[in-house]
2 protein chains.
Amino acid sequence: MEIKNAVTALAALAQESRLAIFRLLVQNAPEGLTAGLIAEQLALPAPTLSFHLKTLAQAGLVNTVQEGRFVRYRAEIEGINALIGFLTDDCCGGHPELCTPNLKK
Amino acid sequence: MEIKNAVTALAALAQESRLAIFRLLVQNAPEGLTAGLIAEQLALPAPTLSFHLKTLAQAGLVNTVQEGRFVRYRAEIEGINALIGFLTDDCCGGHPELCTPNLKK
DNA sequence: TTAATATTTCCATATTATTAGAAATATGGA
DNA sequence: TCCATATTTCTAATAATATGGAAATATTAA
């Protein structure tokens, strides 16, 4: 992962509504939720939700599939794993056992 | 961790200079680096670096200790671990084995 | 006590993001 | 075909953030 991709992903998550959307989709993995259900759960107006979902999708954190009139969104597990890896890579100059407490990865 | 704390931490990391600072400190854990060494490594003007370090410290992602004229900064491992946990909590409604690929945590 | 070094604060400017109403698009059902 | 429903795009007002020069502060060495 390049630093610019990581910044894009972090910026996508650094907003309260989008973070709530992402966590809702993580908790509802792997089947995901339609846009309408997300809007209902989080009480967001449709245009606002659509804007945030687009931001998350462009950041590689959610994926989307059309289901008739509905659009289903899912958390992109590989995207969040790559981001976490980027944050924790090369911890302690390659000697992660030096970290107290140990870093998650 | 509360969602507002998570947003603060993510916003702190969602900026290219700050993300580079944080990763440099992770790689130089556990001993950390002085502000001057960080400025040198990343070619940042002192006021800009100071602003970013303050943002990271307020987000709980770095800690700081005065060493005479110098100020040493270290990555706050507990802070980043808490953030990663917040992003991955309750994955798949408590059945993380359903995730393919599996979420890091 | 004076000078040199390390870091932070102050500040003005420039840039970028968030919000939601109104309108547009797209799909499926009657 | 025509209508209802789901979602997105357009748009403009509002708000938040990044940048770095100049000055201030703090510590050490001479």
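What's counted below: heavy atoms across the whole structure, side chains too, no hydrogens, waters or symmetry copies.
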Engineer: With a non-hydrogen cut-off below 4.0 angstrom, is A/A46 in contact with a base, only sugar-phosphate, or nothing?
Structural biologist: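 Base, at least one base heavy atom under 4.0 Å.
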Engineer: Between A/K54 and D/dT7, does any side-chain N or O lie under 4.0 Å from OP1 or OP2?
Structural biologist: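 False: A/K54 side-chain N/O out of range (4.0 Å or more) of D/dT7 OP1/OP2.
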Engineer: Let's test this: given Watson-Crick or G-U wobble pairing with both distances under 3.5 Å, identify the partner of C/dG21.
Structural biologist: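 C/dG21 is paired with D/dC10.
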Engineer: Rounded to the nearest angstrom, tell me the gap between atom CG in B/L49 and atom P in D/dA18.
Structural biologist: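 Going from B/L49 (CG) to D/dA18 (P), I get 14 Å.
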Engineer: Which distance, rounded to the nearest 0.5 Å, do you find between the CZ of A/F86 and the CG of B/L19?
Structural biologist: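 CG of B/L19 is found 5.0 Å from CZ of A/F86.
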Engineer: Could you state the CD-P distance from B/E67 to D/dT28, rounded to the nearest angstrom?
Structural biologist: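 Going from B/E67 (CD) to D/dT28 (P), I get 11 Å.
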Engineer: Looking at the side chain of A/R69, which of D/dA29, C/dG29, D/dT8 is the nearest nucleotide?
Structural biologist: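 My answer, after comparing the listed nucleotides, is C/dG29.
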Engineer: Mind checking who C/dA30 pairs with, Watson-Crick or G-U wobble, both distances under 3.5 Å?
Structural biologist: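 The answer is D/dT1, by the H-bond criterion.
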Engineer: Please report, rounded to the nearest Å, how far the P atom of C/dA6 is from the CG atom of B/L37.
Structural biologist: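 That distance rounds to 10 Å.
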Engineer: Once you round to the nearest 0.5 Å, how far does CG of B/L49 lie from OH of B/Y73?
Structural biologist: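 Nearest 0.5 Å value for the CG-OH distance: 7.5 Å.
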Engineer: Tell me the interatomic distance from A/L53, atom CG, to D/dT9, atom C1', rounded to whole angstroms.
Structural biologist: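 It works out to 14 Å between those atoms.
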Engineer: Report, as a single string ordered 5' to 3', how protein heavy atoms within less than 4.0 Å touch nucleotides 16-21 of chain C: B base, S sugar-phosphate only, - not at all.
Structural biologist: --SBBB
Engineer: Whole angstrom is fine here: how far is it from CD in B/E16 over to P in D/dT17?
Structural biologist: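 To the nearest whole Å, that distance equals 19 Å.
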Engineer: Looking only at atom types and distance, does a side-chain atom of A/Q66 sit under 3.5 Å from a main-chain N or O of A/G68, one as donor and one as acceptor?
Structural biologist: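 Yes; at least one donor-acceptor contact below 3.5 Å.
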Engineer: Hey, are A/K4 and B/E16 close enough for a salt bridge, meaning a charged N less than 4.0 Å from a carboxylate O?
Structural biologist: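 Yes, this pair counts.
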Engineer: What's the separation between atom CG in B/L44 and atom OG in B/S17, rounded to the nearest 0.5 Å?
Structural biologist: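 Going from the CG atom of B/L44 to the OG atom of B/S17 covers 5.0 Å.
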Engineer: Can you tell me how far apart CG (B/L103) and CD1 (B/I84) are? Round to the nearest 0.5 Å.
Structural biologist: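 Interatomic distance, B/L103 CG to B/I84 CD1, rounded to 0.5 Å: 11.0 Å.
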Engineer: Give a yes/no answer on whether the side chain of B/Y73 brings an N or O atom under 4.0 Å of OP1 or OP2 in C/dA6.
Structural biologist: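 Answer is no, no contact under 4.0 Å.
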Engineer: Heavy-atom contacts under 4.0 Å between residues 59-66 of chain B and DNA chain D, which residues?
Structural biologist: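 Heavy-atom contacts with DNA chain D come from no residue of residues 59-66 of chain B; none.
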Engineer: Indicate yes or no for a side-chain donor-acceptor contact from A/R18 to the backbone of A/L13 under 3.5 Å, with no hydrogens or angles considered.
Structural biologist: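 No, A/R18 side chain to A/L13 backbone: no donor-acceptor pair under 3.5 Å.
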Engineer: Whether the side chain of B/R23 engages the backbone of A/L87 through a donor-acceptor N/O pair (distance < 3.5 Å, no angle test) should be reported.
Structural biologist: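 A pair under 3.5 Å: no.
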Engineer: Look only at the side chain of B/N28 and the backbone of B/L24, and say whether a donor-acceptor pair between them is shorter than 3.5 Å.
Structural biologist: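 Judged by distance alone, yes, a pair lies under 3.5 Å.
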Engineer: How many whole angstroms separate atom CZ of B/F70 from atom C1' of D/dT25?
Structural biologist: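 The answer, rounded to whole Å, is 16 Å.
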